[in-house]
Protein chains: 2
Amino acid sequence: MDAIDRQLVALLLEDGRLTYQELARAVRLSANTTADRVRKLHASGVIRGYHATLDHTAIGRPLHLISDLRLREGTDNDEFHRGLAGIPQVIEAFRVTGEYDYQIRVACTGTEEFEGVLAVLKREHGVREVRSRLLLHHIPLTPGSILEL
Amino acid sequence: MDAIDRQLVALLLEDGRLTYQELARAVRLSANTTADRVRKLHASGVIRGYHATLDHTAIGRPLHLISDLRLREGTDNDEFHRGLAGIPQVIEAFRVTGEYDYQIRVACTGTEEFEGVLAVLKREHGVREVRSRLLLHHIPLTPGSILEL
DNA sequence: TATGAAATTTTTAGCCA
DNA sequence: TGGCTAAAAATTTCATA
């Protein structure tokens, strides 16, 4: 994990479909060596994976919310995780400390759909309390900057 | 945006580096037609982009937190956004409604570093109040399921 | 880490229903 | 429009040093 690896990761954070040749030009190595390095970064777990990013608004789900969830006593964690994975509107989920147990991010067609998601969470998945806020705007950052530290 | 497009997007959400040939095999079209469709999905904005995902723990930042931020009166939003982008430990940021104005996700080497981030936010970027919780576990979901609706 | 050849993939252009 | 084939260009992989 030297300076060149950090550069490669930074480039791939920006555009995960850059070819090895393009990466190679940027770091001034051969395409081959570059491919080796990138594969090793993936194999070693530094790069967890590559993923397309979806515009949920463009597919008809413009209502985005962050909800804190508290579970009822005795709700099984793994079962709850599987339950979350079964709700398509839930696009991200974290176990957290503090007042609530989980925080999820949700993308819905509208308020009625969100109401349905909440109802399912409470009725079928052991959710006792919810606090939600509307997600207004995703602030664009420069994820690669963390590698410069 | 028909059933095949949805299948393609779902595949690329899982693995953003799948080749057009691999995608083509999965949806039983020619590599060419598949490439056309994927390029159109990107051009039309359904696919926002492709990005490598970093394992922050693997690069020495195992402390992950979610912090709610409230800004002081009169703090300029765009200026604040630029400020956030200048803090490498901030890996995601949203403008939200509710009790707080923003929610950010942070990855740090340890508590001292996080303390430093909080200090900078308050001293230099107009943050008035912070509420943080530790991020314990990222629940793995199936992002493509949203396309099946 | 680099080189060069082989295999694969992507792009381009033209064509068909 | 949506799909295809085929040839050309680009890229990746593999063997070797």
Side-chain angles (χ1 to χ4, degrees), chain A residues 1-62 88 107 109 142-149, chain B residues 1-56 58-60 142-149:
Chain A
M1 194 63 187
D2 59 9
I4 291 180
D5 281 345
R6 283 195 291 278
Q7 233 187 310
L8 290 171
V9 173
L11 288 162
L12 287 167
L13 289 173
E14 282 288 332
D15 181 355
R17 272 186 92 88
L18 285 171
T19 68
Y20 296 131
Q21 304 236 25
E22 290 169 311
L23 292 166
R25 269 192 290 280
V27 301
R28 304 173 152 282
L29 286 178
S30 76
N32 230 316
T33 310
T34 304
D36 268 351
R37 277 175 177 264
V38 172
R39 277 189 288 258
K40 275 175 195 159
L41 286 165
H42 191 210
S44 72
V46 170
I47 292 176
R48 201 195 284 280
Y50 303 90
H51 305 282
T53 316
L54 192 51
D55 183 340
H56 293 93
T57 301
I59 59 163
R61 301 201 129 63
T109 53
T142 317
S145 63
I146 202 168
L147 296 154
E148 289 158 18
L149 292 177
Chain B
M1 192 64 185
D2 59 10
I4 292 181
D5 281 345
R6 282 195 292 276
Q7 235 186 307
L8 290 171
V9 174
L11 288 162
L12 287 166
L13 290 174
E14 283 287 332
D15 181 355
R17 271 184 93 87
L18 285 172
T19 67
Y20 295 131
Q21 305 235 22
E22 291 169 311
L23 292 165
R25 268 192 291 279
V27 302
R28 303 173 153 283
L29 287 176
S30 76
N32 223 314
T33 309
T34 304
D36 268 351
R37 276 176 178 264
V38 172
R39 278 188 287 257
K40 274 175 195 158
L41 286 166
H42 191 211
S44 72
V46 170
I47 293 176
R48 201 196 285 279
Y50 303 90
H51 306 282
T53 315
L54 192 52
D55 182 341
H56 292 92
I59 59 163
T142 317
S145 64
I146 201 167
L147 295 154
E148 290 157 16
L149 292 176

So, OP1 or OP2 of D/dT12: does either fall under 4.0 Å of a side-chain N or O from A/R39?
no
A/T33 side-chain N/O to C/dT1 phosphate OP1/OP2 under 4.0 Å:
no
Check the distance between D/dT13's P and B/Q21's CD and give it to me in whole angstrom.
13 Å
What is the distance, rounded to the nearest whole Å, between atom OH of B/Y20 and atom P of D/dA10?
16 Å
Considering every strand and a 4.0 Å limit on heavy-atom distances, what is the contact class for A/R37: base, sugar-phosphate, or nothing?
sugar-phosphate
If an axis is fit to five pairs at each end of the helix from C/dT1-D/dA17 to C/dA17-D/dT1, what is the angle between the two, to the nearest 10°?
30°
Determine whether A/L41 and A/M1 make a side-chain contact, defined as any pair of heavy atoms from C-beta on separated by less than 4.5 Å.
yes
Could you check A/D36 against B/E22 and say which one's nearest nucleotide on DNA chain C is further toward the 5' end?
A/D36
Here the distance between atom P of D/dT11 and atom CZ of A/R17, to the nearest Å, is 13 Å
Rounded distance in Å - CG (B/N32) to C1' (C/dT9):
11 Å
Could you state the atom-to-atom distance from NE2 of B/H42 to P of C/dT10 in whole Å?
16 Å
Main chain of A/L13, side chain of B/H51: is a donor-acceptor contact present, judged purely on distance under 3.5 Å?
yes
Output yes when A/R37 and A/D2 qualify as a salt bridge under the 4.0 Å nitrogen-oxygen rule, no when they do not.
yes
Is a donor on one side and an acceptor on the other found under 3.5 Å between the side chain of A/T33 and the backbone of A/L29?
no
Residues A/E22 and A/T19: closest non-hydrogen pair is OE1-N, 2.8 Å
Can you figure out which of D/dT5, D/dG2, C/dA2 approaches the side chain of A/S30 most closely?
C/dA2
Between A/H56 and A/A107 (side chain of the first, backbone of the second, donor and acceptor by atom type, cut-off under 3.5 Å), is there such a pair?
no
